[in-house]
Novice: 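Sharing a structure below in structure tokens format, with a few things to ask.
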Amino acid sequence: MTPPETARPPAIDTARQKLETEQARPAAIRTGETPGWPRTRGNVWMLDQAADGKLRYMSDIYGGRVLGYEEADGIAIAQTPPLALAMLALGTQVAIERPLPEKFEWHALEVDASGSLHGRGPTFAARSHAVAAQRLAEHHGHALRTIATISQPQSSMTRADLAPDGVMITGLLSRLRSTVAALAARGKTVFVDRISLSLLDGEMQLSENEVGEIYADTARMLAGFVAPITGQASPPVTVVSQSCGTNARALAEGRLDIDHPTAGIIVATPSHPFPQDPNLRGAPTPKARMLIDELEARAVATTLDGKRWYCPRLRQAWIDGTRVIAEFTTLSNLISSGSPQGFGFAGYTGKCPQIIKVVLFGSTVQIDVDALPQGDDVFLTYAHGPSADGSPDNYGNIHDTWAANSLQEPGQILHRYALSCRCRIMPSDLKAKHSEAKA
């Protein structure tokens with residue numbers, strides 16, 4: 001025999017309805033009352049409610065790490081110092097989706113069209129920079145910051161796309177204004193500390209000087225536009241990675257820091273040592289692009305810390321007997337990661353000289369050839385054009401002694417590789433600083 005259902009006392013139903021009603025009410029209405037519960041799937045500790053209705057609490061929602069959160073209007077971000085950084089990326093390789101190991105969803109934020117903050121954006125260049133910066137901060141035991149990420153992709157870019165009143169530049173600045181306003185509502189001031197550029201892939205006929213001028217003008221223009229929007233007194237740095245190719249664009253990108261010293265440009269790394277995407281001309285693979293972003297982030301951090309970041313660069317070349325001697329400008333001794341190295345010749349007449357042996361001495365490279373290059377205007381090339389030592393075109397493996405374990409890809413060692421470059425072989429009575437004894 002089934003017992004009759006026992007009715008619940010009216011008081012229990014009333015209390016339950018009241019509780020559900022209170023929890024459903026907006027936080028701002030509950031000011032001074034018991035705090036509502038935050039929208040988190042993790043555990044919550046030390047829940048508090050500010051006078052403006054914002055909820056603050058500790059939670060383990062982010063991969064089991066216990067962090068402090070601040071929630072307003074149902075949107076939570078990590079509790080961080082009041083100064084937020086912004087990282088901007090503009091250009092060709094911005095929209096390559098990087099396989100980031102994590103996204104820092106509550107620290108690396110974007111603003112959508114409605115003005116709401118979130119950390120769910122695509123893993124484009126600016127977010128890749130933000131993740132690399134956060135991992136560097138963790139590595140050094142520093143506090144994590146809120147980082148606003150703004151990626152503005154543009155493929156087949158020409159100089160017309162960089163017009164100050166064009167869609168690309170005005171769109172970038174509009175998103176920055178929305179970001180500043182959204183973070184101001186959270187009590188944070190925004191400082192743009194870097195802008196990553198990859199320009200002009202759609203205008204290959206430009207000369208080396210023209211490419212350099214456009215890069216420098218763009219860097220100065222963006223720095224001038226950004227400062228009034230954020231109110232910052234110092235301009236952001238501009239960081240560039242040298243593209244891979246046999247064109248003037250690559251050569252110009254590798255010289256931006258020395259040809260335009262007042263533009264505030266850091267040349268972080270060449271792209272040629274990294275795997276290239278066979279389906280995208282001149283573009284590294286997504287994983288390679290992630291590692292290049294990490295090198296850019298390290299170059300910016302090193303520079304902002306008052307230290308030097310300078311990739312090895314071919315400075316001069318001359319004939320010494322039956323050898324070609326190349327001098328590099330470098331922060332430390334040169335090292336070759338195996339063989340071949342990536343040297344070649346351009347502008348010669350007749351048969352191309354074949355390289356027999358390459359020996360490194362400090363900042364000097366001694367190149368033994370089967371015959372000296374002939375011609376009135378002969379160039380020594382490095383990772384720029386057909387090689388004479390059996391290496392693939394546009395590839396070299398020389399770097400200085402700096403090395404670091406990648407924080408993005410475990411087991412990957414990062415190096416500061418020599419830039420693609422070329423140098424006219426000049427008549428000279430100079431002798432190499434170091435030289436292997438001749439047979």
Side-chain angles (χ1 to χ4, degrees), residues 62-63 78 84-111 117-140 144-155 172 175-176 179 192-199 201 222 236-244 253 266-271 273-277 280 282-304 309 404-416:
Y62 185 37
L85 301 180
M87 298 180 181
L88 280 55
L90 174 72
T92 304
Q93 307 206 359
V94 168
I96 296 174
E97 289 264 9
R98 282 73 162 163
L100 300 178
E102 61 180 315
K103 294 179 66 176
F104 284 95
E105 295 95 334
W106 286 275
H107 290 91
L109 307 175
E110 298 179 6
V111 176
L117 288 165
H118 62 83
R120 303 181 302 276
T123 55
F124 287 168
R127 178 169 293 274
S128 184
H129 257 270
V131 170
Q134 299 287 33
R135 291 207 149 195
L136 273 174
E138 286 187 323
H139 180 70
H140 293 295
L144 301 184
R145 291 186 176 275
T146 291
I147 299 180
T149 65
I150 303 176
S151 293
Q152 188 78 17
Q154 175 68 47
S155 61
L172 179 75
R175 293 177 62 193
L176 178 59
T179 300
V192 178
D193 78 331
R194 75 194 65 182
I195 304 174
S196 177
L197 296 181
S198 56
L199 311 179
D201 66 312
L222 290 175
V237 299
T238 300
V239 62
V240 173
S241 290
Q242 184 186 42
S243 55
C244 186
E253 289 169 338
I266 302 168
V267 181
T269 182
S271 298
F274 297 90
Q276 303 295 302
D277 192 328
L280 295 172
T285 63
K287 181 179 289 187
R289 189 62 248 189
M290 177 185 70
L291 296 174
I292 291 171
D293 293 338
E294 183 177 352
L295 278 166
E296 289 189 2
R298 287 177 178 271
V300 171
T302 300
T303 302
L304 295 180
W309 183 279
N405 292 309
S406 171
L407 301 176
Q408 303 282 61
E409 180 71 12
Q412 178 75 44
I413 306 299
L414 300 177
H415 297 288
R416 191 160 48 201

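Source: prediction; values computed, not measured.
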Novice: How close do Ser243 and Ser271 get, heavy atom to heavy atom, and via which atoms?
Specialist: CA-OG, 4.0 Å
Novice: State which residue, out of Glu97, Glu296, Glu294, fulfils the salt bridge (Lys or Arg N to Asp or Glu O under 4.0 Å) condition with Arg289.
Specialist: Glu296
Novice: Any non-hydrogen side-chain atom of Leu85 less than 4.5 Å from a side-chain atom of Thr146?
Specialist: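 With C-beta onward as the side chain, the pair stays apart.
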Novice: As a quick check of understanding, evaluate side chain to side chain donor-acceptor pair (under 3.5 Å) for Gln276 and Thr285, giving each step before the final call.
Specialist: CA-CA 5 Å; Gln276 303 295 302; Thr285 63; over 6 Å; no
Novice: Assess whether salt bridge (charged side-chain N to carboxylate O under 4.0 Å, His left out) is satisfied between Lys287 and Glu409, documenting all intermediate values.
Specialist: CA-CA 9 Å; Lys287 181 179 289 187; Glu409 180 71 12; 3.4 Å; yes
Novice: Atom CG in Leu117, atom OG1 in Thr179: separation rounded to 0.5 Å?
Specialist: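 Nearest 0.5 Å value for the CG-OG1 distance: 7.5 Å.
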Novice: Determine yes or no for a side-chain-to-main-chain donor-acceptor pair under 3.5 angstrom, with Arg127 supplying the side chain and Ala108 the backbone.
Specialist: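 Indeed, once roles are kept as given, a pair shorter than 3.5 Å links the two residues.
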Novice: Please examine the side chains of Phe274 and Leu295, heavy atoms only from C-beta on, and report whether any two atoms are closer than 4.5 Å.
Specialist: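 Yes, side chains in contact.
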Novice: Can you find a heavy atom in the side chain of Ile266 that is under 4.5 Å from one in the side chain of Val240?
Specialist: no
Novice: Provide the closest heavy-atom pair for Gly121 versus Glu110 in the form atom of the first, atom of the second, distance.
Specialist: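 The pair with the smallest heavy-atom distance is CA-OE1, 3.6 Å.
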Novice: Return the CG to CE distance between Asp293 and Met87, rounded to the nearest 0.5 Å.
Specialist: 11.5 Å
Novice: What distance separates Arg98 CZ from Met290 CE, expressed to the nearest 0.5 Å?
Specialist: 10.0 Å
Novice: Given side-chain contact (heavy atoms from CB on, under 4.5 Å), test Thr149 with Leu109 step by step and report yes or no.
Specialist: CA-CA 6 Å; Thr149 65; Leu109 307 175; over 6 Å; no
Novice: State the CD-CG distance between Gln93 and Leu197, to the nearest 0.5 angstrom.
Specialist: 12.0 Å
Novice: For Phe124, does its backbone N or O pair with a side-chain atom of Ser128 as donor and acceptor, under 3.5 Å?
Specialist: no
Novice: List the atom of Ile195, the atom of Pro236, and the distance in Å for their closest heavy-atom pair.
Specialist: CD1-CG, 3.9 Å
Novice: Would Arg298 pass as a cation-pi partner of Trp309, given that its NZ or CZ must be under 6.0 Å from the six-membered ring centre and within 45 degrees of the axis?
Specialist: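 Negative - Arg298 is either too far from the ring of Trp309 or too far off its axis.
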Novice: Do Leu222 and Leu90 touch side chain to side chain, with heavy atoms closer than 4.5 Å?
Specialist: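 The answer is yes; the side chains approach within 4.5 Å.
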Novice: Looking at Glu102 and Arg135, does any basic side-chain N land under 4.0 Å from a carboxylate oxygen?
Specialist: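 Salt bridge between Glu102 and Arg135, a charged N being under 4.0 Å from a carboxylate O: yes.
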Novice: For Asp277 and Pro286, which heavy atoms make the closest approach, and how far apart are they?
Specialist: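 In terms of heavy atoms, the two residues are closest at OD2-CD, 4.4 Å.
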Novice: To the nearest 0.5 Å, what is the distance between CG (Asp201) and OG (Ser155)?
Specialist: 6.5 Å
Novice: Between the main-chain N or O of Ser198 and the side-chain N or O of Thr92, is there a donor-acceptor pair closer than 3.5 Å?
Specialist: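 Yes; at least one donor-acceptor contact below 3.5 Å.
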Novice: How far does CG of Asn405 sit from CD of Gln412, to the nearest 0.5 angstrom?
Specialist: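 One gets 10.0 Å once the value is rounded to the nearest 0.5 Å.
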Novice: For Arg145, is there any backbone N or O sitting under 3.5 Å from a side-chain donor or acceptor partner on Gln134?
Specialist: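 Checking the backbone N and O of Arg145 against the side chain of Gln134, a donor-acceptor pair under 3.5 Å is found.
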Novice: Can Val239 and His129 be said to form a side-chain contact (heavy atoms from CB on, under 4.5 Å), step by step?
Specialist: CA-CA 11 Å; Val239 62; His129 257 270; 4.1 Å; yes
Novice: Ignoring hydrogens, what is the shortest heavy-atom contact between Tyr62 and Trp106? Give both atom names and the distance.
Specialist: CD1-CZ3, 3.8 Å
Novice: Would you call Arg175 and Val111 a side-chain contact if the rule is heavy atoms closer than 4.5 Å?
Specialist: no
Novice: Are any non-hydrogen side-chain atoms of Leu136 and Leu407 less than 4.5 angstrom apart?
Specialist: yes
Novice: Within the 4.5 Å heavy-atom criterion, are Thr123 and Pro99 side-chain neighbours or not?
Specialist: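 Thr123 vs Pro99: side chains apart.
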Novice: Is any side-chain heavy atom of Leu414 less than 4.5 Å from a side-chain heavy atom of Thr269?
Specialist: no
Novice: Identify the two heavy atoms, one from Ser151 and one from Ala125, that lie closest to each other, and give their separation to 0.1 Å.
Specialist: OG-N, 3.7 Å
Novice: Determine whether a donor-acceptor pair (N or O, by modelled atom type, separation under 3.5 Å) exists between the side chain of Arg194 and the backbone of Val192.
Specialist: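 No, because the side chain of Arg194 does not come within donor-acceptor range (under 3.5 Å) of the backbone of Val192.
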Novice: Do side-chain atoms of Gln152 reach the backbone of Ile150 as a donor and acceptor pair under 3.5 angstrom?
Specialist: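 No, because the side chain of Gln152 does not come within donor-acceptor range (under 3.5 Å) of the backbone of Ile150.
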